[in-house]
Amino acid sequence: MSKYDLVFANPLMNAAGTLGFAPASHDAQALSGLGAFVTDPLSLGMRTPAHGPHCLPYPGGFLLHTGYPNPGLNTALRRHAARWARASQPVIVHLLVQKVEDLSWMLPRLERLEGLGGLEVGLPPEVDASAAVAFTRAAAGELPVIVRLPFEQAVQLAPAVVDAGAAAVSLSPPRGTLLVANKSGSPHLVEGRLYGPSVYPLALAAVRAITARGLPVIGAGGIYTVEQARAMLASGALAVQLDGIIWKEGLQIWNCWKSMLA
Amino acid sequence: MSKYDLVFANPLMNAAGTLGFAPASHDAQALSGLGAFVTDPLSLGMRTPAHGPHCLPYPGGFLLHTGYPNPGLNTALRRHAARWARASQPVIVHLLVQKVEDLSWMLPRLERLEGLGGLEVGLPPEVDASAAVAFTRAAAGELPVIVRLPFEQAVQLAPAVVDAGAAAVSLSPPRGTLLVANKSGSPHLVEGRLYGPSVYPLALAAVRAITARGLPVIGAGGIYTVEQARAMLASGALAVQLDGIIWKEGLQIWNCWKSMLA
Amino acid sequence: MHAYQARIGELRLDPAGQVQARLDCPPAALPAPGQYLLAYDPQDASAALATPLFAAELLADGFWAAAPLPPAWQPGLVLALRGPLGKGFALPGDVRRLALAALGGSAARLLPLAQQALRQDLSVALFTAAALPRLPSSIEINPLGMLPEALAWADFLAVDLSVEQVESLAGVLGLQGGLPPACPGQALVSAAMPCGGSGGCGACAIPVRRGWKLACQDGPVFDLRAWW
Amino acid sequence: MHAYQARIGELRLDPAGQVQARLDCPPAALPAPGQYLLAYDPQDASAALATPLFAAELLADGFWAAAPLPPAWQPGLVLALRGPLGKGFALPGDVRRLALAALGGSAARLLPLAQQALRQDLSVALFTAAALPRLPSSIEINPLGMLPEALAWADFLAVDLSVEQVESLAGVLGLQGGLPPACPGQALVSAAMPCGGSGGCGACAIPVRRGWKLACQDGPVFDLRAWW
Ligand SMILES: Cc1cc2nc3c(=O)[nH]c(=O)nc-3n(C[C@H](O)[C@H](O)[C@H](O)COP(=O)(O)OP(=O)(O)OC[C@H]3O[C@@H](n4cnc5c(N)ncnc54)[C@H](O)[C@@H]3O)c2cc1C
Ligand SMILES: Cc1cc2nc3c(=O)[nH]c(=O)nc-3n(C[C@H](O)[C@H](O)[C@H](O)COP(=O)(O)OP(=O)(O)OC[C@H]3O[C@@H](n4cnc5c(N)ncnc54)[C@H](O)[C@@H]3O)c2cc1C
Ligand SMILES: Cc1cc2nc3c(=O)[nH]c(=O)nc-3n(C[C@H](O)[C@H](O)[C@H](O)COP(=O)(O)O)c2cc1C
Ligand SMILES: Cc1cc2nc3c(=O)[nH]c(=O)nc-3n(C[C@H](O)[C@H](O)[C@H](O)COP(=O)(O)O)c2cc1C
Ligand code: FES
Ligand code: FES
């Protein structure tokens, strides 16, 4: 399989961080509507949860600040690789990379697995074009690579990243900062990722700006209706990743949306 | 007055496009809480309203697509310059520039007016760093210049624009794309500017990213409470521009917020 | 422009199944036919904009506000109001036969004008395809297709239409060749009004014969001569 | 995991003035004490997440859902439910004296467990600073400060607390030097649960002695031994 062969059974995917590390076997029927399963973000070493409030609602959405807790790639392989191999849809492993060298440790362990659909590499928000290219080059190997770009820089970084060998780019949730009222009275600030229907107009504009440049993109951000998924696909996205709507409405949406998109 | 002397009676301003071309005299009492009055965007020639739907609500906000209708600078000067001179707070004229050369026509007409507080020059969304610098240089003269950056590129463009002589940068509303259900059934897309409380977490993050680089910024975007204004000021913004909240709650907010911020 | 408080006393469904709210407020706040108020719930920080309210029925100390209204509005809620805003209908003193034409899905926003006209003993005919509430029997109800004939009968025409319908108004009135309607009249044009006249956001622009006008300030009621 | 529909039959205020809703739903949907359901209004496209519902009172064909609830929920609304989810309280068979401790502003989420315990003829004592509804007189009410003494009396302790209060739990129980409580027990830990166990978003992480656990899957009820 070459790095250009991103294969989905249908254009519906979950976003990284929405459905855990592997498809749960008791959910197999519900998940059969899913075109590809994206794992929670996995870092080389273990990450513990962030401190402080983790989920803050605001009008039209909510902010998540979790620290992407995960047991680290090796533990995750031990726990989940067998389920990835058994899954009825392609599994895409999302990698949370700290340094470019992390990838030279991670890639050989992943490339020897059976039947992975591909990798998604999440770049940090403060990445610049040369670092984005370096991450992409280091990730490009035997598996097709989706590079998840920081939302704020997605339109700008997409050309260089595709040029460096990404099969497609995808979009991280936008980052934002919210106020939280303290017990003491004076509010403090919390930074995190933004989810919810208010993200959709931003995401559709960003996806269209990328497809207008002729680049392959997997759309994501605030998709809460089938019409919104359809409009992103009609704008040229290869597939769409769902996030908050899965949590709101549950796994029943996969088969339901799949048949409505067919 | 040099281009570095941006003077506000207090740090509360309206955003361009919220309160019309000049402070209305029957609103003088209500507007006395305003630190500076920013005019609606003025282009060199007249602009007529955009076609199609102009205001589309979505969860947490609304999209505006108006085309910034205005009678053109010369007509506006004839109609409004006397009121700018009479205003009890500094008036900042917002210029919607089409080409760098527009500014060489606009600037002399504005610089000979009495008592303007400054200019705000709105850059187009697709501007790049060299064009942003060229607009800034052309605008920098006898009046202090605020350069309003496209939201999506604000963090990136701010350093070059301040270096080129802007007294401060400000933020345009973010742009986005929404679906509208057609009578015929198939939805079509509308592009426009995004307003409402869901913009705030994005705006606060962008303002903090700019002040973290030590640059002067006037904050704006989704401010709907005094606490949100205070947090943006505490994050280093020189002043804040209000938009949707003025329309929702009316002109009474100026004196009320001013006293709460004091 | 003045500020008031109003309490939602009751909700009811209009004939199209949309919710109307009875607002209890001081008489000074009552909008004249065609005028509007801006209202918001001070407790609801998540609402991005105020809602423009038009009367569907005027009462002594309040009014029934026409749909559409925010679904979160429930009886007991106390709203902040400002207004009345904009230019309402102005019936010339010599009008005897008033034709009302509701081109959209509801005639509600014309009914306060009908109330006023009946008090002045005018003959009132309503032309519409919308579902109607129970109306005084003195109001003659006609299908919209009869509107061209109404222009010969009436000595004043009051239209309710949306900004999207402005272009097709001449056709609905049966006018050809750019000729003006045979009787004078006014039109209440509904458009989104985000800034509600607090200054030109420009969103409520209405195309007129020479350029355009703002619904929130110049209207929302315009003389039909704006288009002829 | 199963899907159900529930109709909001009625709203009422709890003693702290917050809204509870009576949901009419199939008996199979009823959450055991400490379990939760996820609910959303299928008509409300603007809600970003489902709401976790805990019972404040179990009925034959429905339950009273504890606050906080979305303000837009009104009687008559039909909600989509899924669940029951998570691990609830499990009272060992030999418990005779049950101490309940509500550390937050409401004891509501412990009351179904009190209901169950009274049916089993246990002695029940409630320790709290929260305002209380009218309770069966067989439940002894005590101030929170007496909780350390309760550990000697009770043979099981059930706590309701928020994730922020986990760190101070030992202090509230009067424990020192890292010693475990004198009686066994469980704690219902409330945290935001955006993904509600549909997969690890990681937002509901609860610090435990060795690392952390997820409230939505591993809880929301945890054995006190998680911390000792
Ligand atoms: C190598 C590495 C890989 C990572 N991979 C991921 C990953 O895959 N997915 C993930 O979500 N997290 C990832 N993280 C975690 C995440 O990067 C950290 O939370 C982040 O570093 C914190 O950045 P900051 O908020 O200080 O950003 P800063 O760059 O300091 O920016 C401050 C704020 O300004 C905002 N901002 C910056 N630029 C703009 C702009 N142009 N317009 C508007 N706002 C702007 C940002 O949103 C941010 O909130 C990674 C971190 C590292 C170091
Ligand atoms: C010289 C000039 C000056 C102007 N001045 C102003 C002004 O002061 N204020 C004003 O509001 N309008 C101004 N305008 C009007 C405005 O620029 C037009 O509406 C605009 O040109 C239309 O751009 P677009 O949507 O085609 O943008 P494109 O660049 O084609 O982008 C398409 C979409 O992608 C989105 N996008 C682009 N880059 C990113 C990114 N990095 N991340 C996420 N999304 C992205 C955009 O939001 C846009 O919706 C000006 C226009 C010109 C030509
Ligand atoms: C998103 C996610 C990441 C996790 N990462 C860790 C981790 O880094 N350390 C840890 O102790 N547990 C982690 N866990 C929890 C473990 O999966 C497991 O619940 C815990 O280690 C105790 O279970 P066990 O020892 O019975 O396997 C994680 C769970 C999820 C869903
Ligand atoms: C945002 C804004 C911009 C305007 N620009 C124009 C314009 O370009 N052309 C125009 O005919 N009227 C424009 N108007 C409307 C005029 O101000 C005025 O209402 C209209 O020209 C008719 O008024 P008058 O002829 O009595 O001055 C604008 C109004 C606003 C609030
Ligand atoms: S509503 Fe803003 S100009 Fe009319
Ligand atoms: S709510 Fe998402 S992991 Fe618990």
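Chain letters run A, B, ... following the sequence lines, proteins first and then strands; every chain starts at 1.
For the set B/G244, B/G17, B/G222, B/S198, the entry with the most heavy-atom pairs within less than 4.5 Å of chain C is B/G17. Top candidate by heavy-atom pairs under 4.5 Å with chain B, chosen from C/G196, C/A45, C/A205, C/A47, is C/A47.
Of the two parts of B/L19, the backbone and the side chain both hold a non-hydrogen atom closer than 4.5 Å to a non-hydrogen atom of chain C.
Nearest heavy-atom pair across B/L64 and C/A203 is CD2-CB, 4.1 Å. Taking both residues in full, the closest heavy atoms of B/C55 and C/P194 are given as SG-CG, 3.9 Å, listed atom of the first, atom of the second, then distance.
Atom CD of B/Q29 sits in a sparse spot, with 12 or fewer heavy atoms from other residues, nucleotides or ligands closer than 6.0 Å. Within a 6.0 Å sphere centred on CZ of C/R225, other residues, nucleotides and ligands contribute 12 heavy atoms or fewer.
Atom-to-atom distance recorded for B/Q252:CD and C/R82:CZ is 7.0 Å, nearest 0.5 angstrom. Here the CG-CD distance, from C/L38 to B/E249, works out to 12.0 Å after rounding to the nearest 0.5 Å. Atoms SG and CG, from C/C195 and B/D40 in turn, are 8.0 Å apart once rounded to the nearest 0.5 Å. Of the inter-residue distances, the one linking C/L49 atom CG with B/F62 atom CZ reads 4.0 Å to the nearest 0.5 angstrom.
Without hydrogens or angle criteria, B/Y224 side chain to C/A48 main chain gives a donor-acceptor distance under 3.5 Å. Under the 3.5 Å distance criterion, the side-chain polar atoms of B/K248 are left unmatched by any main-chain donor or acceptor of C/Y40.
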